[in-house]
Amino acid sequence: MNKYEVSTSRSGQFLATFFATIGSFGLGTVLSWPAPTLPQLSAQSCSGSCEGLLILSVEQQSWVAALLNFGAFTAGPLAGLLMPRYGKKRTMAILSLPIFIGWLCLIFASNVEMLYVGRFLTGFSGAFSMLAPGYIAEICEVEIRGSLASFMQVMTMMGLLFTYTVGTFLPWRQLSAVCSVVPIVVVICLSFIPRSPSFLLSIGMKEDAKSALLFFRGKDSNVTKELIEIESSVDNREQKNALNIYGILKSKTYLKPLCISLVLMLLQQFSGIKVISSYIVQIFQNAGTKFDANICSIVVGVIQVTGTSISVLVVDKFGRRRLLILSEMFISIAFCMLGTFFYIQESHSPCPALDTCQDQFVTAETVDNLAWLPLASIVTFAVAYSMGMGPLPWVLNAELFSKEAKDHSSSLCASFNWLCSFMVVKFSPSLENLIGASGSYLSFAALAACGTFLIVISVPETKGKTEEEIQQGFNKGKSLDTEAGLSKDYDKEELCTDLIKPLIKEKQIEIK
């Protein structure tokens with residue numbers, strides 16, 4: 001009898017996707033933890049004396065917000081070492097231990113150093129952004145691969161929304177205690193799903209691989225043909241041997257998808273998402289908006305969950321490339337709106353008396369009338385990011401690489417992603433102090449505009465393609481068609497053959 005029985009053909013894939021992405025929910029809680037917490041740790045939170053309270057300077061707050069990225073940066077190579085030996089599923093379970101210890105450090109923190117350690121260790125949850133889509137890509141059918149791999153971002157956004165909401169009502173220590181439950185749930189849930197068939201075959205466990213495939217395809221499915229195909233793919237990979245980083249960098253076949261994924265990781269983090277998620281409450285407070293800052297953050301969280309959920313439904317219909325282009329374009333528009341508001345706010349000078357403001361084009365009343373613009377711009381950003389730049393770089397990070405290069409390439413891209421994230425979160429406050437909030441947000445707008453162009457010229461479409469078909473495109477030096485997923489560049493020989501064949505047929509008809 002099958003060890004993991006599931007009655008319908010795709011329910012096993014859906015269940016495994018949900019359980020595998022609970023860690024991504026935990027990542028969302030880690031990312032958004034500073035938003036409700038840092039205002040409580042600032043000097044402004046003291047109504048009277050701050051004696052006996054844990055109060056952080058602006059510099060310390062920036063380190064607390066940014067250190068999770070160092071943890072995620074460290075977790076990438078660590079996951080790369082663990083995956084070949086234990087598989088992606090067990091690697092996720094192993095990394096849950098330091099994450100839990102990190103939450104304990106935050107709960108019982110008596111000084112800023114404990115906060116630093118806690119944020120570093122909880123940052124290990126960043127590895128789930130690579131591990132969950134990678135595991136899902138190995139277990140699911142091609143037709144639903146993009147949708148299920150994108151679900152990681154839905155769970156991350158739900159984690160953000162959860163923290164924004166609970167953090168509005170709970171003190172930061174109690175919020176940390178609630179969030180510490182997530183890594184425990186991860187370990188429990190992962191025990192109910194099997195490791196991927198391809199990994200099990202790679203370590204010689206053929207019967208377990210068949211059992212796992214029946215779990216994912218349904219107990220009554222005929223998986224013999226697919227099992228043979230997976231086994232053949234694993235054998236080919238073993239013949240080629242797993243590549244190290246040097247081997248990947250010196251081969252154009254492996255270097256091109258690596259560069260594409262690195263560009264997408266760079267664009268994702270320099271889209272400004274970590275600035276929004278880490279400092280959203282302060283952004284609304286600095287804007288002087290009429291709306292409650294915490295309520296605004298909850299609204300944005302709801303929008304992000306909704307937008308990412310829509311992306312999951314449409315990614316296999318409209319394709320990755322088109323959604324990425326639209327996403328970057330609207331991110332640029334959103335930051336133009338936000339930068340414009342802060343420019344107007346910074347430009348107007350207070351009037352000592354009402355009659356002296358008659359000749360001013362921008363007055364305090366103008367700024368007050370535009371108080372809705374920060375919320376509108378961040379909602380626009382949330383929708384745009386959730387539809388494309390949020391989930392799809394991680395989906396492509398799981399799809400672009402061949403099996404022999406996947407572990408090292410995907411780990412390198414994940415670490416690079418979190419290094420970029422650290423730079424953005426740590427230095428954004430300094431940049432804002434240097435050139436103002438308007439200059440900072442308009443810089444993000446310019447980067448997103450450049451990103452749109454880069455995606456247009458460099459990112460291929462992988463919709464509906466198997467791993468072998470994707471690699472075939474890179475091996476032959478062909479670009480992948482942006483719409484139908486077909487190769488659109490021909491070798492000269494193939495092109496001549498395709499042009500001559502119809503002419504030969506016509507001549508044969510005439511002769512007859």
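Every value quoted in this text rests on a predicted model; they were computed, and no experiment measured them.
A heavy-atom distance below 4.5 Å is found between the side chains of Ile139 and Pro197. Leu396 places a side-chain heavy atom less than 4.5 Å from the side chain of Leu324. Proximity of Ser411 to Met83: side-chain heavy atoms (C-beta onward) are separated by under 4.5 Å at one or more points. At a threshold of 4.5 Å between non-hydrogen side-chain atoms, the residues Phe120 and Val117 do not count as touching. A 4.5 Å side-chain heavy-atom check between Leu97 and Phe124 finds every atom pair outside the cut-off.
By the 6.0 Å contact criterion, CZ on Phe18 is open, its count of non-hydrogen atoms from other residues, nucleotides or ligands being 12 or less. Counting heavy atoms of neighbouring residues, nucleotides and ligands inside a 6.0 Å radius, atom CZ of Phe270 exceeds 12 of them. Atom CE of Met337 sits in a crowded spot, with more than 12 heavy atoms from other residues, nucleotides or ligands closer than 6.0 Å.
If you take OG on Ser150 and CG on Leu392, they are separated by 5.0 Å, rounding to the nearest 0.5 Å. The CZ atom of Phe215 sits 13.5 Å away from atom CG of Asp208, with the distance rounded to the nearest 0.5 Å. Atom CD1 in Ile22 sits 13.0 Å away from atom CD1 in Ile184 (nearest 0.5 Å).
A side-chain donor-acceptor contact under 3.5 Å links Lys89 to the backbone of Ile193. Within the 3.5 Å criterion, the main-chain N or O of Gly390 finds a donor-acceptor partner in the side chain of Gln268. Using a distance-only test at 3.5 Å, with no hydrogens or angles considered, no donor-acceptor pair links the side chain of Ser421 to the main chain of Asn417. With hydrogens and angles disregarded, a donor-acceptor distance shorter than 3.5 Å links the side chain of Ser196 to the backbone of Phe199. Between the side chain of Ser377 and the main chain of Pro374, a donor-acceptor pair closer than 3.5 Å is present. A side-chain donor-acceptor contact under 3.5 Å links Ser129 to the backbone of Gly126. Not a single donor-acceptor pair under 3.5 Å links the side chain of Arg195 to the backbone N or O of Ala209. Side-chain atoms of Ser191 come within 3.5 Å of backbone N or O of Ile188 as a donor-acceptor pair. Using modelled atom types, no side-chain atom of Ser409 and backbone atom of Leu258 make a donor-acceptor pair closer than 3.5 Å. Remark: side-chain polar atoms of Gln13 are paired, donor with acceptor, to backbone N or O of Glu141 under 3.5 angstrom.
Judged by distance alone, the side chains of Asn397 and Ser410 never bring a donor and an acceptor atom under 3.5 Å apart. Side-chain atoms of Thr122 and Trp103 form no donor-acceptor pair, as typed in the model, at a separation below 3.5 Å.
None of Thr29, Ile303, Val302, Thr156 except one satisfies the side-chain contact (heavy atoms from CB on, under 4.5 Å) rule with Leu161; the exception is Val302. For the side-chain contact (heavy atoms from CB on, under 4.5 Å) with Thr163, the lone residue among Leu175, Thr37, Val30, Thr168 that qualifies is Leu175.
A perpendicular orientation is assigned to the rings of Phe422 and Phe427, their planes being inclined by more than 60° (bins at 30° and 60°).
The stretch residues 388-400 participates, sequence neighbours left out, in these salt bridge (charged side-chain N to carboxylate O under 4.0 Å, His left out) pairs: Arg145-Glu399, Arg320-Glu399.
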